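What follows is a short report on a single structure.
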2 protein chains.
Amino acid sequence: MEITLSKTRLEFIETVGRMCQQLGLPRSIGQIYGLLYLSPASLSLDDIAEQLSISKGSASTGTRQLASWQAIKQVWVPGDRRDYFEAVGNLRDLLESIYRNYFKPKLEKGGRKLDSLLATLEEERQQGAVSPEDYAFFKERLDNIARLEDRISRVLPIAEKLL
Amino acid sequence: MEITLSKTRLEFIETVGRMCQQLGLPRSIGQIYGLLYLSPASLSLDDIAEQLSISKGSASTGTRQLASWQAIKQVWVPGDRRDYFEAVGNLRDLLESIYRNYFKPKLEKGGRKLDSLLATLEEERQQGAVSPEDYAFFKERLDNIARLEDRISRVLPIAEKLL
DNA sequence: TTATTCGTTCAATCGCAATTGAACGATCCT
DNA sequence: AGGATCGTTCAATTGCGATTGAACGAATAA
């Protein structure tokens with residue numbers, strides 16, 4: 001594999017890389033996905049590292065991350081013991097997977113944290129560590145978050161289906 | 001203003017700070033919002049800096065950022081020339097504002113970038129810089145993104161209303 | 001067996017963005 | 001007027017996480 005990338009692919013890789021960066025994800029992950037998404041053929045780890053001029057280590061961790069999100073998948077090439085990768089082209093599925101594996105767990109974690117905070121607040125009230133007025137204020141604000149979280153976790157799956 | 005924060009507030013501040021960090025935003029911004037969100041009284045810049053043990057500079061830039069997102073607002077306290085801040089308690093409105101001021105512009109920017117990429121691709125085709133097969137592949141994949149972007153920008157406002 | 005060729009790991013490095021803090025101009029007070 | 005108290009700015013610093021690259025074990029080939 002010894003190709004030079006067209007301008008379109010180079011720009012695309014750069015764009016997806018920047019997008020990831022802005023989302024707080026490693027740029028290399030975006031670059032890898034961008035490269036694979038516009039790759040007619042599946043690529044090996046070394047292909048990826050070479051085309052993007054990144055280390056094999058980065059390519060390895062990046063591909064594993066992307067695979068865990070089901071954004072890319074490994075494909076088996078008979079007669080070659082190397083791992084080959086290709087992007088999951090169906091972005092609709094990808095989005096669904098990101099929601100399920102990324103957003104949903106975070107929402108649930110947030111919900112649990114909120115419960116623990118409400119418990120702490122209750123504790124403090126019983127100990128008299130907060131005034132009744134403060135307690136009422138804190139309670140209402142925390143409840144507001146809980147309600148929003150509830151609605152979000154109800155609406156997101158619907159929005160998902162509407163896509 | 002010389003209060004000590006209750007355990008509930010401290011934990012909440014930490015949590016929101018971490019959330020922001022994970023989203024690629026400055027932790028201090030989350031801390032400021034968390035502090036204000038669970039603050040019965042509005043706070044001055046110095047209050048914020050002191051309670052969070054951050055510099056006045058951070059507090060200044062952080063509050064301005066948050067205000068630009070309409071996550072917090074300045075309130076005028078008669079007889080005091082300092083700026084006071086309080087959190088916008090209505091999270092539903094906050095979400096709407098974030099969508100309008102943050103997501104929507106990014107979606108639109110992405111759309112424009114995609115158009116420019118398609119133009120580049122067309123150019124390369126005419127110059128024979130890409131094979132017909134590659135062209136077809138690139139075209140289809142880029143079109144897929146455009147279609148998804150379209151659906152997203154149509155569904156998001158609906159989901160917004162459903163909240 | 002030994003020699004390659006894989007992918008992974010992890011300590012060290014690097015780069016970027018958050019944070020600091022001093023200097024500044026503006027505004028208010030006396 | 002001068003002095004005090006605001007908020008902002010920006011160059012310097014810091015801290016964090018992405019990235020590197022060498023070392024490693026495993027699997028294959030000779």
Side-chain angles (χ1 to χ4, degrees), chain A residues 1-2 13-14 16-36 42-69 71-86 102, chain B residues 1-2 13-14 16-36 42-69 71-86 102:
Chain A
M1 186 73 40
E2 171 66 37
I13 289 165
E14 190 187 344
V16 183
R18 280 202 217 290
M19 277 178 51
C20 277
Q21 219 171 1
Q22 284 202 327
L23 293 172
L25 295 171
R27 171 179 23 190
S28 62
I29 282 190
Q31 295 179 129
I32 294 171
Y33 185 76
L35 174 66
L36 290 172
S42 49
L43 302 179
S44 72
L45 261 193
D46 286 309
D47 293 334
I48 293 171
E50 186 194 341
Q51 299 284 350
L52 299 178
S53 306
I54 63 178
S55 70
K56 214 169 41 149
S58 272
S60 175
T61 56
T63 49
R64 258 183 319 121
Q65 187 80 267
L66 284 165
S68 80
W69 299 336
I72 66 176
K73 61 177 178 183
Q74 282 184 320
V75 294
W76 185 62
V77 174
D80 195 326
R81 74 181 164 105
R82 281 177 293 183
D83 294 336
Y84 280 82
F85 298 93
E86 57 186 43
Y102 190 78
Chain B
M1 188 75 38
E2 171 66 36
I13 289 165
E14 189 187 344
V16 183
R18 279 204 218 289
M19 278 178 51
C20 277
Q21 218 172 2
Q22 284 201 330
L23 293 171
L25 295 171
R27 172 183 20 190
S28 62
I29 281 189
Q31 295 180 129
I32 293 171
Y33 185 77
L35 174 66
L36 290 173
S42 48
L43 302 179
S44 71
L45 262 193
D46 286 308
D47 293 335
I48 294 171
E50 185 194 339
Q51 299 284 351
L52 299 178
S53 306
I54 63 178
S55 70
K56 215 169 42 152
S58 272
S60 174
T61 55
T63 50
R64 259 181 318 121
Q65 188 80 268
L66 285 164
S68 80
W69 299 336
I72 66 175
K73 61 177 179 182
Q74 283 183 322
V75 294
W76 185 63
V77 174
D80 195 326
R81 75 180 163 106
R82 280 177 292 185
D83 294 335
Y84 280 81
F85 298 92
E86 57 185 45
Y102 190 78

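If you're wondering where the values come from, they're calculated on a predicted model, not measured in any experiment. Every chain is numbered from 1, with letters handed out A, B, ... down the list of sequences.
- To the nearest 0.5 Å, the span separating CD on A:Q31 from CD1 on A:I13 amounts to 7.5 Å.
- Think of the region where chain B sits on DNA chain C: with heavy atoms and a 4.0 Å cut, that region ends 5' and 3' at C:dA18 to C:dC28.
- Counting only heavy atoms from C-beta outward, the side chains of B:Q74 and B:W76 never approach each other to under 4.5 Å.
- Atoms CG (B:D80) and P (D:dC6) sit 7 Å apart, rounded to a whole Å.
- No contact: A:S44 has no heavy atom under 4.0 Å from any strand.
- If you take CG of A:L25 and P of D:dT19, they are 11 Å apart, rounded to a whole angstrom.
- Remark: the backbone N or O of A:A59 is paired with a side-chain donor or acceptor of A:T63 at under 3.5 angstrom.
- Using a 4.5 Å heavy-atom threshold, the side chains of A:L45 and A:D83 count as separate.
- Rounded to an integer number of Å, the gap from B:Q22 CD to D:dA18 P is 11 Å.
- Nucleotides of DNA chain C nearest to A:R64 and A:Q21 differ in position, and the one nearer the 5' end is that of A:R64.
- Here the NZ-OG distance, from B:K56 to B:S44, works out to 10.0 Å after rounding to the nearest 0.5 Å.
- Applying a 4.0 Å cut-off to non-hydrogen atoms, the residues of residues 54-63 of chain B that approach DNA chain D are B:K56, B:G57, B:S60, listed by residue number.
- For B:R64, there are no salt bridge (Lys or Arg N to Asp or Glu O under 4.0 Å) partners two or more places apart in sequence or in a different chain.
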Please set out all donor-acceptor pairs under 3.5 angstrom arising from side-chain atoms of residues 18-27 of chain A, sequence neighbours excluded.
{"unit_1": "A:R18", "atom_1": "NH2", "unit_2": "A:E14", "atom_2": "OE2", "d": "2.2"}
{"unit_1": "A:Q22", "atom_1": "OE1", "unit_2": "B:K106", "atom_2": "NZ", "d": "3.0"}

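- Of all heavy-atom pairs spanning B:I54 and B:S58, the tightest one is CD1-CB, 4.1 Å.
- Atom CD1 in B:I48 sits roughly 14 Å away from atom P in D:dC6 (whole-Å rounding).
- Distance CH2 (B:W76) to P (D:dG7): 15 Å, rounded to an integer number of Å.
- As a whole-Å value, the separation of A:L52 CG from D:dT20 P is 10 Å.
- Screening residues 16-36 of chain A for ring pair (Phe, Tyr, Trp, His ring centres under 6.0 Å) gives A:Y33-A:Y37 as the qualifying pairs, with residues at least two apart or on separate chains.
- Looking only at side-chain heavy atoms (C-beta outward), B:D47 and B:Y84 come within less than 4.5 Å of each other.
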Just the atom pairs and distances: protein N or O near nucleotides 26-30 of chain D's N or O, under 3.5 Å.
none

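- Rounded to the nearest 0.5 angstrom, B:L35 CG and B:Q51 CD are separated by 6.0 Å.
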